[in-house]
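What follows is one structure encoded as structure tokens, with my remarks underneath.
Letters go in sequence order (proteins before strands), and every chain restarts at 1. Treat the numbers as computed from the prediction; the structure is a model and nothing was measured.
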Number of protein chains: 2
Amino acid sequence: MAQDRSATRERILDTTAELFRRYGYTGTGLKQIVANANAPFGSVYHHFPGGKVQLGEEVIRRSGQMYLEIVLAVLDAAPDLLTGIADAFMGAAEVLRATDYIDACPVATVALEVASSNDTLRQATADVFDTWIDAVTARLSAAGIASDDARRLAMVLIELIEGGFLLCRAARTTQALEAAGSAAVAVVRAALESSID
Amino acid sequence: MAQDRSATRERILDTTAELFRRYGYTGTGLKQIVANANAPFGSVYHHFPGGKVQLGEEVIRRSGQMYLEIVLAVLDAAPDLLTGIADAFMGAAEVLRATDYIDACPVATVALEVASSNDTLRQATADVFDTWIDAVTARLSAAGIASDDARRLAMVLIELIEGGFLLCRAARTTQALEAAGSAAVAVVRAALESSID
DNA sequence: GTCTATACTTTGATAGAC
DNA sequence: GTCTATCAAAGTATAGAC
């Protein structure tokens, strides 16, 4: 649809994603969104008839997909899986420092906010995490880890980076993410070694 | 101070903590708080002259301390460290299921919301996490893990449970927390074994 | 069909009645 | 010193001018 490719619509989506990362879902107002996107207020309801919830859902799914692509690109650029995992955690820490501890996971803040308050948005965050788990599971399986172990391990890797983001944003240090990266490499290495037996 | 022991004040603190877990900081209104606490609106500003920020800060620190005590009680009740860690993760999963996926970490949602928007509250969450890291580090050290390893490991354990809470609340399943618990036991066991050498 | 103006609700906060 | 009434601002949403 031509509507979906509207430049205004894209600007609203990008601006909303950026504001969600800083202020979360409840903390971001529609007025703030249109002001930052240089769009008239009515354009929100023109492009998103479902209002804030529809806009929020699209931003969650879109941000989740974009972030996954970035992480997978880092993994693919590395010579091997363990190096790729280490690079992903180090890269996340660098971005965090470079953006004054703003750009972490684009979904986590909203996910916790809506988990017990809006089921449509909760489901969107659940779908995003599920996509991530599937993608990481596939990479682990391809490296030779048994598929049921791989899925549990994929969840652990995502938990480590999300927990790392949380502690690092609060403390404004990247130590926790470095610890998470080391642990991530260690658990995957252990799984690779046990799969050889 | 007699004011600090006021029953109304306590009710406001408890109610706010509960609402923060469900709706986060921005999503919880002062009017909603006084309504749930059966308190007149003015009592908020009587007991908390600094308004919502002062109330929020007290709730963050108080919730952080209470939650730490609960977790330490679980660890102390177990015959050994590894069992205690497994119990803590299992217990967290049980509480999550029993409370319809509401009662997870009382600090994480607020921490992500305020990390880039209110430095007073961000600092409060940072202090809470630091207290947690110190307490867990002490338990790991007491079990024979070298102190610098122990601190990194403590961060990893907290990251695993926080990441587990995030994925579980979104998916409304406790699989991710079970995976986190297994990984937590595995990394601590590995640290204990290497400390024997 | 793009955008402005406005409706209506709720927000955090304050003043003052009693 | 407990509580009510009200404030200005910001929240989402809608109606209608052009």
Side-chain angles (χ1 to χ4, degrees), chain A residues 1-20 22-60 109-110 113-114 117-122 124, chain B residues 1-13 15-20 22-60 109-110 113-114 116-122 124:
Chain A
M1 302 182 273
Q3 234 180 30
D4 288 352
R5 297 198 192 103
S6 156
T8 300
R9 195 184 146 94
E10 293 290 314
R11 249 180 11 254
I12 290 174
L13 286 168
D14 289 343
T15 301
T16 304
E18 188 185 332
L19 291 172
F20 277 6
R22 279 184 205 246
Y23 308 111
Y25 179 79
T26 319
T28 300
L30 294 182
K31 289 179 182 177
Q32 191 181 4
I33 290 170
V34 295
N36 285 36
N38 272 82
F41 189 81
S43 63
V44 172
Y45 287 88
H46 173 70
H47 293 291
F48 307 91
K52 194 182 185 184
V53 172
Q54 182 188 344
L55 172 57
E57 182 175 2
E58 287 199 33
V59 168
I60 289 167
T109 308
V110 176
E113 282 184 280
V114 304
S117 60
N118 185 309
D119 207 62
T120 301
L121 298 180
R122 179 200 62 75
Chain B
M1 302 181 275
Q3 234 181 30
D4 288 351
R5 299 199 192 104
S6 155
T8 301
R9 194 184 146 94
E10 293 291 313
R11 252 184 3 258
I12 291 174
L13 286 169
T15 302
T16 304
E18 188 185 332
L19 291 172
F20 277 6
R22 278 184 206 245
Y23 308 112
Y25 178 80
T26 319
T28 301
L30 293 182
K31 291 182 180 177
Q32 191 182 3
I33 290 170
V34 296
N36 285 36
N38 273 79
F41 190 79
S43 63
V44 172
Y45 287 89
H46 173 69
H47 293 291
F48 307 91
K52 193 182 185 185
V53 172
Q54 182 188 345
L55 172 57
E57 180 175 3
E58 288 198 34
V59 168
I60 290 167
T109 308
V110 176
E113 281 183 281
V114 305
S116 301
S117 61
N118 186 309
D119 208 61
T120 300
L121 298 180
R122 178 200 62 76

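For the pair B:Asn38 CG and D:dT4 C1', the computed distance is 16 Å after rounding to whole Å. Distance CZ (A:Phe41) to P (D:dA15): 14 Å, rounded to an integer number of Å. Counting to the nearest Å, the P atom of C:dG12 and the CD atom of B:Gln54 are 15 Å from each other. Taking atom CD of B:Gln32 as the reference point, atom C1' of C:dT11 lies 12 Å away to the nearest angstrom. A:Asn118 places its CG atom 13 Å from the P atom of D:dT12, with the value rounded to the nearest Å. For B:Leu30 and C:dT11, the CG to P distance is 9 Å, given to the nearest whole Å. The separation between B:Tyr23 atom OH and C:dT10 atom P is 14 Å, rounded to whole Å. Regarding B:Tyr45, its OH atom lies at a distance of 3 Å from the P atom of C:dA13, rounded to whole Å.
In this structure, the side chain of A:Arg22 does not engage the main chain of B:Ser116 through any donor-acceptor pair within 3.5 Å. Under the 3.5 Å distance criterion, the side-chain polar atoms of B:Glu113 are matched with a main-chain donor or acceptor of B:Thr26. Here the side chain of A:Lys52 pairs a donor or acceptor atom with the backbone of A:Tyr25 at under 3.5 angstrom.
What you find for B:Thr120 and B:Asn118 is that their closest heavy atoms are N-OD1, 3.1 Å.
When distances run from any side-chain atom of A:Lys31 to the nucleotides C:dT14, D:dA13, D:dG11, the shortest one goes to D:dG11. Considering only the side chain of B:Pro40, D:dC3 comes nearest among D:dC3, C:dG12, D:dT14. The side chain of B:His46 lies closest to D:dG1, out of D:dA13, D:dG1, D:dC3.
Using a 4.0 Å heavy-atom criterion, one finds that A:Gly51 contacts the sugar-phosphate atoms exclusively. Among the atoms of the strands shown, none is found under 4.0 Å from any heavy atom of A:Thr26.
We find that B:Arg122 and B:Asp119 are joined by a salt bridge, their nearest charged nitrogen and carboxylate oxygen being less than 4.0 Å apart.
Judged by distance alone, with hydrogens and angles left aside, A:Lys52 brings no side-chain donor or acceptor close enough to the base of D:dG11 to form a pair under 3.5 Å.
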